[in-house]
Amino acid sequence: VQLQASGGGLVQTGDSLRLSCAASGGTFRYVGWFRQAPGKEREFVSTINWNSRRTYYADSVKGRFTVSRDASTVYLQMSSLEPEDTAVYYCAGGAGTILSEIRNPRSYNHWGQGTQVTVSS
């Protein structure tokens with residue numbers, strides 16, 4: 001099973017960026033995005049149910065970020081970026097993740113490498 005995240009970069013406040021997570025070699029119930037800023041714990045950003053395509057968001061990104069997927073890739077479209085969005089972003093796949101645990105990183109059993117997103121003010 002492999003998850004490969006890409007698309008990070010350096011942008012300015014208010015800009016947009018799209019992250020991609022290419023998934024291969026397995027099936028997932030949920031594929032989520034988490035982020036970790038220096039000195040902070042990894043936090044939930046968004047997730048998508050693979051079959052239903054139902055989406056879920058952290059309050060801090062609701063209305064600004066959109067998660068979607070095609071046959072093998074999950075996307076995180078980020079708009080109106082703020083310096084507080086600066087972090088390493090990780091995608092993660094959970095084969096057995098349940099709805100009550102979708103915001104818990106421990107419920108995802110496969111992780112991709114991170115991609116750095118830096119938003120300058």
Item to check | same_hphob_cluster(W111, V88) at 4.5 Å side-chain heavy-atom cutoff | outcome: yes
Checklist entry - Taking it one step at a time, do Q4 and S6 satisfy side chain to side chain donor-acceptor pair (under 3.5 Å)? => result CA-CA 7 Å; Q4 187 159 0; S6 62; over 6 Å; no
Next on the checklist: Membership question, hydrophobic clusters at under 4.5 Å side-chain separation (ILVMFWY): are L3 and F34 in the same one?
Outcome noted: no
Item to check | Inter-residue atom distance I48.CD1 - Y75.OH, 0.5 Å rounding | outcome: 11.5 Å
Item to check | Same apolar cluster (I L V M F W Y, side chains within < 4.5 Å links), L81/L19 | outcome: yes
Next on the checklist: With a 4.5 Å cut-off on side-chain heavy atoms, are Y57 and V45 touching?
Outcome noted: no
Next on the checklist: Tell me whether L76 shares a hydrophobic cluster with V74, the cluster being built from Ile, Leu, Val, Met, Phe, Trp, Tyr side chains joined at under 4.5 Å.
Outcome noted: yes
Item to check | Closest non-hydrogen atom pair between T115 and G8, with its separation | outcome: OG1-N, 3.0 Å
Checklist entry - For R106, does the CZ atom have more than 12 heavy-atom neighbours from other residues, nucleotides or ligands under 6.0 Å away? => result no
Item to check | I98 side chain reached by S107 side chain, heavy atoms, under 4.5 Å | outcome: no
Next on the checklist: Is there a side-chain contact between R53 and R69 in this structure, where contact means two heavy atoms from C-beta onward sitting under 4.5 Å apart?
Outcome noted: yes
Checklist entry - What heavy-atom pair brings R103 and F44 nearest, and what distance separates the two atoms? => result CG-CD2, 3.4 Å
Checklist entry - How are the rings of H110 and F28 set relative to one another: parallel (under 30°), tilted (30 to 60°) or perpendicular (over 60°)? => result perpendicular
Checklist entry - Going by heavy atoms in the side chains, are V117 and T86 under 4.5 Å from each other? => result no
Checklist outcome for this item: Here the gap from Q77 atom CD to S16 atom OG, rounded to the nearest 0.5 Å, amounts to 6.0 Å
Item to check | Nearest-0.5 Å distance, CG of residue D15 to CG of residue D85 | outcome: 11.5 Å
Item to check | Distance, nearest 0.5 Å, that separates OH of Y30 from CD1 of I102 | outcome: 5.5 Å
Checklist entry - With a 4.5 Å limit on heavy-atom distance, are the side chains of W33 and F65 in contact? => result no
Checklist outcome for this item: In short, V31 meets W50 closest at the heavy-atom pair CG2-CE3, 3.9 Å
Item to check | CD/Q12: more than 12 non-hydrogen atoms of other groups inside 6.0 Å | outcome: no
Next on the checklist: Within the structure provided, determine whether Y90 and Q36 are in side-chain contact (heavy-atom separation under 4.5 Å).
Outcome noted: yes
Checklist entry - Which atom pair, heavy atoms only, marks the closest approach of S120 to L10? => result CB-CD1, 4.5 Å
Checklist outcome for this item: Correct closest heavy-atom pair for S20 and T73 would be CB-CG2, 4.0 Å
Item to check | Minimum side-chain heavy-atom gap Y56-L99 below 4.5 Å | outcome: yes
Checklist entry - Does the side chain to side chain contact (heavy atoms under 4.5 Å, CB included) test come out yes or no for R64 and E82, once each step is laid out? => result CA-CA 10 Å; R64 301 189 297 122; E82 305 166 351; 3.9 Å; yes
Item to check | Close side-chain approach of R35 to S60, heavy-atom, < 4.5 Å | outcome: yes
